[in-house]
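Notes follow the structure.
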Amino acid sequence: MNREQRERAIIDWVRRIPAGKVASYGQIAELAGLGRGARQVGRVLSTLGGHSDVPWHRVLNSRGEIRLALDSDAGRRQRRRLRAEGVVVNRGRVRMADYAWQVSLDERLWGDFFRAE
DNA sequence: CTGATGACTATAG
DNA sequence: CCTATAGCCATCA
C-alpha cells in the first residue's frame, strides 16, 4: 500500500466510528491494516483541519484521553464535539469501557472488501 | 543516508 | 495516578 491508500484506509475507518462512540489511534491503525502504525493515524488526522467533516474527534489515545492540548482551540473543539454526541468527558478523559467502539466482524470484512476495490 | 519528530502504546516502578 | 523507558514507524529536513 502506498501513502495515498493508507491515508484513505485511515479516513475510511474513522468515518465509520458511530456518533457517541470513540476509538483509539491504535485501533484505527489495526483496522486500516497499518499494524502498529498508531502514530501514522495521528499524523493523518493532524492534516485534516479542525473543521473537517471527518469525525476525527472520536479518536483518542489508548487510555481514552484527548491528546490535543485542552486549552487549545482544537482541544476545546474536540471536547465540545464529543459532549455534543453525549460522550461524558472528564478532565479530558473518557471512560473507554462505556464508549469504546466495538467493530463487528461483518463491519470489518466489509471494510476490507471496500478497500480491495 | 541520518537524525529528529510526533494527535502512539505497553510496561515497570 | 505519575514518571521513565523502550519500542514503534512514516515523514521530513
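Order of the sequence lines sets the chain letters (A, B, ...), proteins ahead of strands, with each chain counted from 1. It should be emphasised that the depicted structure is a prediction, and the values quoted were computed from it without experimental measurement.
Backbone-only contact: A:Arg93 has heavy atoms under 4.0 Å from sugar-phosphate atoms and none from a base. Residue-level contact check: A:Gly26 touches the backbone only, with heavy atoms under 4.0 Å from sugar-phosphate atoms and none from bases.
The interatomic distance linking A:Asn90 (CG) with C:dC1 (P) rounds to 12 Å, in whole Å. Here C:dC8 presents its P atom at 20 Å from CG of A:Asn61, a figure rounded to the nearest Å. Between the C1' atom of C:dA10 and the CZ atom of A:Arg6 lies a distance of 7 Å, rounded to the nearest Å. Rounded to whole Å, atom P of C:dC1 lies 9 Å from atom CZ of A:Arg95.
Remark on DNA chain B: of its neighbouring residues A:Gln78 and A:Arg63, the 5'-side contact belongs to A:Gln78, judged by nearest-heavy-atom nucleotide.
Taking every heavy atom of both residues into account, A:Asp98 and A:Lys21 meet most closely at O-NZ, 3.8 Å. The minimum heavy-atom distance linking A:Ala32 with A:Ile10 is given by the pair CB-N, 4.1 Å. Among all heavy-atom pairs drawn from A:Arg58 and A:Glu85, the shortest one is NH2-OE2, 2.6 Å. Across all non-hydrogen atoms, the minimal contact from A:Val89 to A:Arg79 is CG1-CG, 3.9 Å.
Nucleotides of DNA chain B that come within less than 4.0 Å of any heavy atom of chain A span, from the 5' end to the 3' end, B:dG6 to B:dA10.
Counting non-hydrogen atoms of other residues, nucleotides and ligands closer than 6.0 Å to CZ of A:Arg83 gives a total above 12.
At a non-hydrogen distance threshold of 4.0 Å, A:Arg39, A:Gln40, A:Arg43 from residues 38-46 of chain A come into contact with DNA chain C.
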Under the salt bridge (charged side-chain N to carboxylate O under 4.0 Å, His left out) criterion, do A:Asp53 and A:Arg15 qualify, and how do the steps go? CA-CA 9 Å; A:Asp53 57 313; A:Arg15 279 186 183 289; 3.1 Å; yes
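Counting heavy atoms from C-beta outward, A:Trp56 and A:Arg77 have side chains that approach closer than 4.5 Å. A:His57 has its side chain within reach of A:Pro55: a pair of non-hydrogen atoms, C-beta onward, lies under 4.5 Å apart.
The backbone N or O of A:Trp101 lies less than 3.5 Å from a partner atom in the side chain of A:Gln27, making a donor-acceptor pair.
For the C1' atoms, the distance linking B:dG6 with C:dC8 amounts to 11 Å, nearest Å.
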